[in-house]
Amino acid sequence: MLKDLCLINGTSGDEGAVRDFIIEQIKYYCEYSVDALGSIIAFKKGRKTPAKKVSFNAHMDEVGFIVTGITEEGYLRFSTVGSIDSRVCIDRVVTVGNGVKGVIGDKAFHLLSEDERKQCPSIDKLLIDIGATTKEEAEKAVSLGDFAYFDSDFREFGDGFIKCKALDDRIGCMLLIELIKSELEYDTYFCFNVQEEVGLRGSKCTSFAVQSDISIILESTTAADLDGVSGDKRVCVLKNGPVISFMDRRTIYDKELYKLAIDTAKENSIPAQTKTAIAGGNDAGAIQLSGKGSRVLAISLPSRYIHSASSVVNKLDIENTRKLIGKLLTKIYD
């Protein structure tokens with residue numbers, strides 16, 4: 001399922017294909033609706049109705065690109081949709097619009113000035129080459145406003161490692177689907193949110209609709225466990241378990257829920273870690289502030305090279321996240 005989810009293209013504002021796939025997976029297991037922005041709100045009936053309303057949240061969108069112009073020579077100008085470092089874009093194959101292939105290019109290295117060689121080019125200096133030789137030829141294949149995506153494959157390598165685009169946050173979507181398909185002790189809401197990568201927009205709407213007392217966000221987060229990076233600069237580490245956050249740039253997480261998650265992991269010998277940098281953010285930033293407010297907990301998969309064509313996670317962390325969620329389900333409603 002994770003492979004299928006990751007290989008679907010669905011950037012912020014263009015999540016339709018991802019939404020359709022998820023609905024096919026869940027439609028026989030729950031009640032669901034799609035709101036005006038395009039997010040899915042699902043309700044799964046459990047054996048009991050809890051005193052507290054609980055929701056699980058993940059976002060459907062991925063980072064990508066949007067065509068903003070066409071040069072006279074047939075190259076495409078573009079902007080990013082979400083946060084993408086220009087260094088991960090150069091020479092990458094992309095899919096534009098309805099399947100047009102292209103390559104993100106820059107000036108040849110031997111033509112760069114000394115100053116240019118010392119700097120990474122900004123996005124507005126890069127172009128997508130779709131093989132057109134004139135503006136008119138390019139206009140027959142693509143239009144302004146077309147989205148573009150990293151052209152990525154899904155590969156397993158090494159000791160349980162997985163590489164693909166969109167692992168942020170199709171892993172969270174997969175885990176929500178699995179929960180919906182399982183037998184639950186308590187009634188639970190599930191929100192598959194749109195447009196997280198451009199300002200947590202979908203979650204603001206779904207959280208107003210659901211008004212949950214406790215909201216659990218399943219995400220991916222940046223791991224920097226690379227050669228030459230040590231101590232707290234590593235942020236989090238692959239194969240060390242799910243990441244339980246206490247704070248990021250958008251959210252200070254509920255202390256009791258944070259402690260509950262940490263203690264539950266320890267009690268059940270489930271590897272878990274926390275994020276050693278106050279950085280990034282996720283849908284919790286909007287959810288905790290919506291309506292009457294909500295207590296929030298984020299559980300994330302550590303991911304190397306996030307927001308690129310080749311994000312990397314490990315199967316062991318996915319399995320330990322499943323285990324932790326399963327154990328929390330027996331406690332979170334108390």
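Only a predicted model underlies this, so the values are computations on that prediction, with no experimental measurement involved. Below, each value reflects all heavy atoms present in this structure, side chains not excepted, and no hydrogens, waters or symmetry copies.
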Check your understanding: Salt bridge check: are K292 and D213 linked by an N-O gap of less than 4.0 Å?
Key -> yes

Review point. E219 side chain to D169 main-chain N or O, any donor-acceptor pair under 3.5 Å?
Key: no

Review point. Going by heavy atoms in the side chains, are T321 and I171 under 4.5 Å from each other?
Key: no

Point to revise | Student check: side-chain heavy atoms of R19 and I23 closer than 4.5 Å | key: yes

Exercise for review: Give the cluster check for F192 versus L175: same hydrophobic cluster or not, with ILVMFWY residues linked at side-chain heavy-atom distances below 4.5 Å.
Suggested key: yes

Review point. Side chain of D248, backbone of A279: donor and acceptor closer than 3.5 Å?
Key: no

Study note, to complete from the structure: Taking every heavy atom of L7 against every heavy atom of S152, the minimum-distance pair comes out as CD2-O, 3.3 Å

Exercise for review: State plainly whether one hydrophobic cluster holds both L176 and L37, where clusters connect Ile, Leu, Val, Met, Phe, Trp and Tyr through side-chain heavy atoms under 4.5 angstrom apart.
Suggested key: yes

Check your understanding: Ion pair present between E24 and K27, side-chain N to carboxylate O less than 4.0 angstrom?
Key -> yes

**Study point:** Rounded distance [0.5 Å steps], OG in S245 versus OH in Y258
**Key:** 8.5 Å

**Study point:** Distance (rounded to the nearest 0.5 Å) between F56 CZ and F190 CZ
**Key:** 6.0 Å

Practice item. For the residue pair K204 and N193, confirm or rule out a side-chain donor-acceptor distance under 3.5 Å. Key: no

Review point. Going by atom types only, do S300 and T221 share a side-chain donor-acceptor pair under 3.5 Å?
Key: no

Review point. With the 4.5 Å side-chain cut-off for hydrophobic clustering, are M1 and I40 part of the same group?
Key: yes

Point to revise | Heavy-atom closest contact (L238 atom, P302 atom, distance) | key: CD1-O, 3.6 Å

Exercise for review: Working to the nearest 0.5 Å, report the span between CZ of R170 and CZ of F154.
Suggested key: 12.5 Å

Review point. Got a salt bridge between D151 and R92, using NZ or NE/NH1/NH2 to carboxylate O under 4.0 Å?
Key: no

Practice item. Please check if any side-chain donor atom of S55 sits under 3.5 Å from a side-chain acceptor atom of S212, or the reverse. Key: yes

**Study point:** Residue pair H307 / D168, side-chain donor-acceptor N/O under 3.5 Å
**Key:** yes

**Study point:** Residue pair C205 / D35: nearest heavy atoms and the distance that separates them
**Key:** CB-OD2, 3.8 Å

**Study point:** Least distance between heavy atoms, A132 atom then G74 atom
**Key:** CB-O, 3.8 Å

Review point. Are R295 and E256 within salt-bridge range, i.e. N to O under 4.0 Å?
Key: yes

Practice item. Compare all side-chain heavy atoms of L297 with those of I214 and state whether any distance is below 4.5 angstrom. Key: no

Check your understanding: Taking 4.0 angstrom as the limit, do D159 and K239 come out as a salt bridge?
Key -> yes

**Study point:** OG on S12 to CD on E62, rounded to 0.5 Å
**Key:** 8.5 Å

**Study point:** Among D14, D61, V198, side chain to side chain contact (heavy atoms under 4.5 Å, CB included) partner for V81
**Key:** V198

Review point. CE/M174 to CD1/I318 distance, rounded to the nearest 0.5 angstrom?
Key: 5.0 Å

Review point. For the residue pair Y189 and F43, does the interplanar ring angle fall in the parallel (under 30°), tilted (30 to 60°) or perpendicular (over 60°) class?
Key: tilted

Check your understanding: Any side-chain heavy-atom pair from N9 and F147 closer than 4.5 angstrom?
Key -> no

Review point. Is the closest side-chain heavy-atom distance between I70 and L76 below 4.5 Å?
Key: yes

Check your understanding: Does a sphere of radius 6.0 Å around NZ in K181 hold more than 12 heavy atoms from other residues, nucleotides or ligands, not counting ones at 6.0 Å or beyond?
Key -> yes

Exercise for review: Apply the side chain to side chain contact (heavy atoms under 4.5 Å, CB included) test between L324 and each candidate in L329, I244, I262; give the one that qualifies.
Suggested key: I244

**Study point:** Polar side chain donor-acceptor pair, K101 to T95, under 3.5 angstrom
**Key:** yes

Practice item. Establish whether I217 and I299 are linked, either directly or via other cluster members, by ILVMFWY side-chain heavy-atom contacts under 4.5 Å. Key: no

Check your understanding: Are T206 and S39 linked by a side-chain donor-acceptor pair shorter than 3.5 Å?
Key -> no

Point to revise | T188 vs Y333 side-chain heavy atoms within contact, under 4.5 Å | key: yes

Point to revise | Member of I306, V312, L2 meeting the side chain to side chain contact (heavy atoms under 4.5 Å, CB included) criterion with L167 | key: L2

Review point. In Å, rounded to the nearest 0.5 Å, how long is the span from CG of N57 to CG of L218?
Key: 8.0 Å

Review point. Is atom CG of D232 surrounded by more than 12 heavy atoms (other residues, nucleotides or ligands) closer than 6.0 Å?
Key: yes

Review point. Any salt bridge between R304 and D225, counting N to O under 4.0 Å?
Key: yes

Review point. Considering only heavy atoms from C-beta outward, does the side chain of D187 approach that of P50 to under 4.5 Å?
Key: yes

Check your understanding: So, do I26 and I177 sit near enough that their side-chain heavy atoms are less than 4.5 Å apart?
Key -> yes

